Amino acid sequence: MTRPQTSGSPHGPAGRRSASGVDAAGAGTDPIDVAVGFACALRRAGLEVSLTSALLYAEALSVCDVTSRESLYWAGRCALVHRFEDVGVYDAVFGAYWLGKPLGTVPPTTAVGVPVVLQVDDAGDAATDEEEPGRDSDVITVRYSATETLAAKDFADYTDDELEEARRLMERLRFRGPTRPSRRLEPTRSCRGRPDVRRTVRAAMRSGGEPVRMHRRMSGRRPRRLVLLLDVSGSMERYARALLRLVHAAVAGRSRVEAFALGTRLTRLTRELSSRDPDRAMRAASAAVPDWSGGTRLGSGLRAFNDEWGCRGMARGAVVVILSDGWDRGDPAEMSEQMQRLRRVANRLVWVNPLKASPGYAPLARGMAAALPYVDDFVEGHNLESLERLADLVLTETGRDSRRRDGVRAAAPAMAGSGQPGVGQ
């Protein structure tokens with residue numbers, strides 16, 4: 001092979017060519033010079049050929065049969081062409097440089113449009129990963145997830161179909177709740193706890209009366225009661241229908257859950273929402289609440305709950321969740337007093353406000369401002385994502401017991417130094 005010369009034709013070498021069209025003057029020509037000459041011809045035609053590609057092409061020429069037109073063509077095609085739309089330019093320059101053909105007009109290096117059909121497929125439809133027989137390979141199926149769409153959508157913007165879909169998603173939420181120490185003693189393998197004399201003696205009888213191991217018992221764990229108070233007033237109409245499905249999922253999904261409706265009066269809904277049939281539970285709850293979409297008297301409703309249910313045992317050591325926007329027509333002083341009473345007996349007090357996610361929201365409503373100082377957690381409740389975070393929050397073991405202990409430890413030195421009576425005095 002002779003070294004290509006650029007004299008004569010700007011794109012073709014001047015030298016002897018074999019019958020195959022490839023220059024075959026000898027094997028002593030440097031492959032790097034040959035690769036650089038062909039790369040320069042491609043650059044003049046408009047192709048972007050980097051130095052790395054030219055060196056790779058020179059390496060390919062040193063190992064392939066340069067007397068074969070096919071080997072020479074594919075060596076340059078693999079090393080120097082990186083886009084499908086540049087193949088036409090490469091073929092024209094290859095024919096002019098190596099075969100002596102007229103260069104003519106080099107085709108423009110424009111992208112070739114490939115028609116693609118997009119087909120929207122619902123993720124809920126039956127679909128398989130295998131391609132259906134007879135389907136065009138250029139058809140791309142685009143799927144969307146209704147779950148992800150509804151998760152970030154506000155309950156106030158839901159349609160009836162979306163509300164039904166959200167109800168099925170809420171059934172997956174599990175409000176198991178935190179646990180508390182139980183008075184019932186359970187057997188344990190730990191070395192701590194009270195001695196279990198009965199089990200120790202029974203085991204000793206099987207070993208000839210010799211107590212080989214001391215069995216023990218310690219306090220077990222029981223789930224805390226979960227109390228849900230749902231505001232069904234007119235200001236909560238946009239969210240109450242969705243949150244009522246959440247309350248039903250909590251009541252039907254676990255034990256030790258109590259549900260109440262707060263409006264102009266207090267209505268217990270635990271029995272009506274205990275049915276696992278959601279339609280039947282919704283009808284029973286709607287029939288049991290006479291003040292649905294009416295006024296709001298949160299203070300008097302909390303008073304009725306504390307007097308009849310809460311302070312008498314239901315709210316003691318429980319996690320109380322109030323789902324309300326905080327709009328109240330009653331006396332703020334009554335609201336503050338009842339929240340203070342509820343805080344004394346409950347382990348944790350959570351307020352779920354759907355309006356908290358609104359831009360520029362501030363708890364300026366009289367009822368909300370009066371209740372906020374006694375709330376442990378103030379969270380959002382306007383979509384499915386916020387309710388999932390609420391479920392995770394209720395599941396946590398952090399209650400007010402540890403906060404009270406830490407607060408007593410921190411306040412004890414200050415109270416002792418100031419002479420003020422401390423806790424329990």
Side-chain angles (χ1 to χ4, degrees), residues 155 160 163-164 166-180 182 222-234 236-237 239-325 338 341-342 345-352 354 381 387 390-391 394-395:
F155 288 142
D160 293 339
L163 185 62
E164 184 65 20
R167 192 266 306 169
R168 289 192 290 267
L169 296 176
M170 288 180 189
E171 291 179 352
R172 304 176 186 176
L173 298 178
R174 293 294 179 265
F175 289 87
R176 292 187 295 272
T179 59
R180 63 176 180 84
S182 174
R222 295 185 61 187
R224 292 188 180 274
R225 182 181 286 108
L226 178 63
V227 181
L228 301 171
L229 303 174
L230 175 61
D231 185 356
V232 295
S233 62
M236 281 285 294
E237 171 64 24
Y239 299 98
R241 56 175 185 166
L243 295 177
L244 183 61
R245 285 159 171 78
L246 172 70
V247 175
H248 167 254
V251 174
R254 56 157 285 185
S255 59
R256 298 179 62 82
V257 179
E258 295 289 339
F260 292 86
L262 284 174
T264 57
R265 65 186 72 182
L266 179 72
T267 306
R268 189 184 183 190
L269 299 177
T270 305
R271 180 177 301 177
E272 287 77 8
L273 297 177
S274 60
S275 174
R276 293 189 176 274
D277 185 358
D279 297 331
R280 180 181 177 182
M282 293 300 107
R283 289 193 298 267
S286 300
V289 180
D291 56 342
W292 188 279
S293 298
T296 312
R297 295 177 182 174
L298 295 178
S300 60
L302 290 177
R303 177 185 292 276
F305 173 75
N306 288 330
D307 293 342
E308 186 175 357
W309 305 97
C311 296
R312 295 174 59 182
M314 181 177 291
R316 292 188 177 274
V319 178
V320 180
V321 181
I322 302 176
L323 303 102
S324 173
D325 56 1
Q338 300 308 316
R341 292 180 60 193
L342 188 59
V345 297
N347 173 261
R348 195 173 187 179
L349 198 55
V350 182
W351 193 293
V352 182
L387 296 186
L390 172 63
V394 173
L395 286 176

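Treat the numbers as computed from the prediction; the structure is a model and nothing was measured.
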Measure across [X] and [Y] and return the closest heavy-atom pair with its distance rounded to 0.1 Å.
| X | Y | result |
| --- | --- | --- |
| Ala315 | Leu342 | CB-CD1, 3.9 Å |
| Val251 | Thr270 | CG1-O, 3.9 Å |
| Arg341 | Cys311 | NH2-SG, 3.8 Å |
| Ala281 | Leu273 | O-CD2, 3.9 Å |
| Leu298 | Ser324 | CD1-OG, 3.5 Å |
| Ala318 | Arg225 | CB-O, 3.2 Å |

For residues [X] and [Y], determine if any side-chain heavy atom of one lies less than 4.5 Å from a side-chain heavy atom of the other.
| X | Y | value |
| --- | --- | --- |
| Phe305 | Gln338 | no |
| Arg348 | Arg224 | no |
| Leu246 | Leu323 | yes |
| Arg245 | Pro278 | no |
| Trp309 | Leu266 | yes |
| Glu308 | Met314 | no |

* To do: Go through the side-chain N and O atoms of Asp277 and Ser275 and say whether any donor and acceptor fall under 3.5 Å apart.
  =>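 No donor-acceptor contact under 3.5 Å links the two side chains.
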* Asked: What residues form a salt bridge (Lys or Arg N to Asp or Glu O under 4.0 Å) with Asp160, not counting sequence neighbours?
  -> Arg241
* Could you check Phe155 against Leu387 for side-chain contact (heavy atoms from CB on, under 4.5 Å), going step by step and ending with a plain yes or no? => CA-CA 11 Å; Phe155 288 142; Leu387 296 186; 3.6 Å; yes
Side-chain donor-acceptor pairs of residues 287-295 under 3.5 Å, sequence neighbours excluded:
| unit_1 | atom_1 | unit_2 | atom_2 | d |
| --- | --- | --- | --- | --- |
| Asp291 | OD2 | Thr264 | N | 2.8 |
| Asp291 | OD2 | Thr264 | OG1 | 3.1 |
| Asp291 | OD2 | Arg265 | N | 3.1 |
| Trp292 | NE1 | Glu237 | OE1 | 3.3 |
| Ser293 | OG | Glu237 | OE1 | 2.3 |

* To do: Mark yes or no for whether Ser274, through its side chain, and Arg271, through its backbone, hold a donor-acceptor pair below 3.5 Å.
  =>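 Yes, because the side chain of Ser274 sits within donor-acceptor range (under 3.5 Å) of the backbone of Arg271.
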Approximate separation, where rounding is to 0.5 Å, of [X] [atom1] and [Y] [atom2]:
| X | Y | atom1 | atom2 | answer |
| --- | --- | --- | --- | --- |
| Leu228 | Phe260 | CG | CZ | 10.0 Å |
| Asn347 | Arg316 | CG | CZ | 13.0 Å |
| Leu269 | Thr267 | CG | OG1 | 6.5 Å |
| Leu262 | Leu302 | CG | CG | 5.5 Å |

